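Keep in mind that what you see is a predicted model, and the values were worked out from it rather than measured.
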Number of protein chains: 2
Amino acid sequence: MPQKAPRVQGCSVERTMSLIDGKWKIIVLYKLLRGTLRFNELRRLIPSITQRMLTHQLRELEADGLIVRTVYAQVPPRVEYTLSVRGRSLEPVLMAMKEWGDANLSSVEAEAA
Amino acid sequence: MPQKAPRVQGCSVERTMSLIDGKWKIIVLYKLLRGTLRFNELRRLIPSITQRMLTHQLRELEADGLIVRTVYAQVPPRVEYTLSVRGRSLEPVLMAMKEWGDANLSSVEAEAA
DNA sequence: GCCCATAGTGTCGAAAAGGATACCGTGATG
DNA sequence: CATCACGGTATCCTTTTCGACACTATGGGC
């Protein structure tokens, strides 16, 4: 691969990781696999995230073209988040993680305890 | 799923992410997919990582049971790192990431620029 | 008039991640 | 005798991450 790295140098795995850095983005993307969600729906699905972090992660995901943010100019504000086509293309990665977690997490915890 | 979460609460994707947090671990695991590597071999494969970070990440991966660290009591120190069985079971996740990166990164960068 | 929900923003500060540099012991090389 | 490579440690520092909390505007319910 030629040295055309614009933001990060390194292999494709390294550059992929730079897009989904932090634990939150993967989780947000995973929750959105099921379909469009509003801001507070995401908050309720990920109880351990704070408002501030969720906002921030959503903005970064939007900037990276992985999700689409739609604002409805209503009296109670309504903002919907959807996976973009590119975001949805991450589905194999997300599903691989979910399946690995389902299959391995309990035993890892038992051994690493 | 019952509330048996020992370290992190949340879904399996969330708990999986807590094991491979940070950009380095995924990359280290990915490099180790090809086979056993020594410390400085890993350093050369991941030029942007510092010694300190590599050491730290390797220790955490070892503590989580994803890699195996073998020390040979030789005069030039020789330490080899190998994926454990559990670490190797992450192969689908790692390969899904690599393939996504290969397929999507250049266009993402073009659009997000 | 006051509190609720929505979808955030702003600020503060702690904690963690990450980088730079120096240092360790050993044996071989020069 | 000085330097090198190996596989790290130790220390210092900056940057980023992340949580807690307060605050915003709007309209509706009480």
Margin query: With side chain to side chain donor-acceptor pair (under 3.5 Å) as the test, pick out the partner of A:Tyr72 among A:Arg38, A:Arg78, A:Glu80.
Written below: A:Glu80

Margin query: Counting C-beta onward and ignoring hydrogens, is there a side-chain heavy-atom pair between B:Leu94 and B:Ile26 closer than 4.5 Å?
Written below: yes

N/O donor to acceptor pairs below 3.5 angstrom from side-chain atoms of residues 53-60 of chain A, sequence neighbours left out:
unit_1, atom_1, unit_2, atom_2, d
A:Thr55, OG1, A:Gln51, O, 2.9
A:His56, NE2, A:Glu60, OE2, 3.0
A:Glu60, OE1, A:Lys25, NZ, 2.5

Margin query: Would you say that A:Trp100 contacts B:Leu19 through its side chain, given a criterion of any heavy-atom pair below 4.5 Å between the two side chains?
Written below: yes

Next item on the list: Mind calculating the distance between CZ (B:Arg43) and P (C:dA20) to the nearest angstrom?
Entry: 12 Å

Margin query: Distance check needed: D:dA20 C1' versus A:Ile49 CD1, whole Å only.
Written below: 15 Å

Check: Tell me: NZ of A:Lys23 to P of D:dT17, nearest whole Å?
Finding: 12 Å

Check: Once you round it to whole Å, what is the distance between C1' of C:dA16 and CH2 of B:Trp24?
Finding: 15 Å

Checklist line | Nearest heavy-atom neighbours spanning A:Tyr81 and A:Leu42 | finding: CD1-CD1, 4.3 Å

Notebook entry, point to check: In Å and rounded to the nearest 0.5 Å, what is the NZ to CD distance from B:Lys98 to B:Glu91?
Noted result: 12.5 Å

Shorter than 3.5 Å, N or O on both sides, protein versus nucleotides 1-11 of chain C: list them out with atom names.
unit_1, atom_1, unit_2, atom_2, d
C:dT6, OP2, A:Asn40, ND2, 2.9
C:dT6, O5', A:Asn40, ND2, 3.2
C:dT6, O3', A:Arg38, NH2, 3.0
C:dT6, O3', A:Pro77, O, 2.8
C:dA7, OP1, A:Arg38, NE, 2.9
C:dA7, OP1, A:Arg38, NH2, 2.8
C:dA7, OP1, A:Pro77, O, 3.3
C:dA7, OP1, A:Val79, N, 3.2
C:dA7, OP2, A:Asn40, N, 3.3
C:dG8, OP1, A:Arg59, NH2, 2.7
C:dG8, OP1, A:Arg69, NE, 3.4
C:dG8, OP1, A:Arg69, NH2, 2.2
C:dG8, OP2, A:Tyr81, OH, 2.6
C:dG8, N7, A:Gln51, OE1, 3.2
C:dG8, N7, A:Gln51, NE2, 2.6
C:dG8, O6, A:Gln51, OE1, 3.0
C:dT9, OP1, A:Arg59, NH1, 2.7
C:dT9, OP2, A:Arg59, NH1, 3.4
C:dT11, O4, A:Arg52, NE, 2.6

Check: In whole angstrom, what separates B:Met17's CE from C:dA17's C1'?
Finding: 15 Å

Checklist line | d(CD1, B:Ile46; P, C:dG19) in whole Å | finding: 12 Å

Margin query: From CD of B:Gln74 over to P of D:dC6, roughly how many Å is that when rounded to an integer?
Written below: 13 Å

Notebook entry, point to check: Rounded to the Å, how far apart are A:Gln57 CD and D:dT16 P?
Noted result: 14 Å

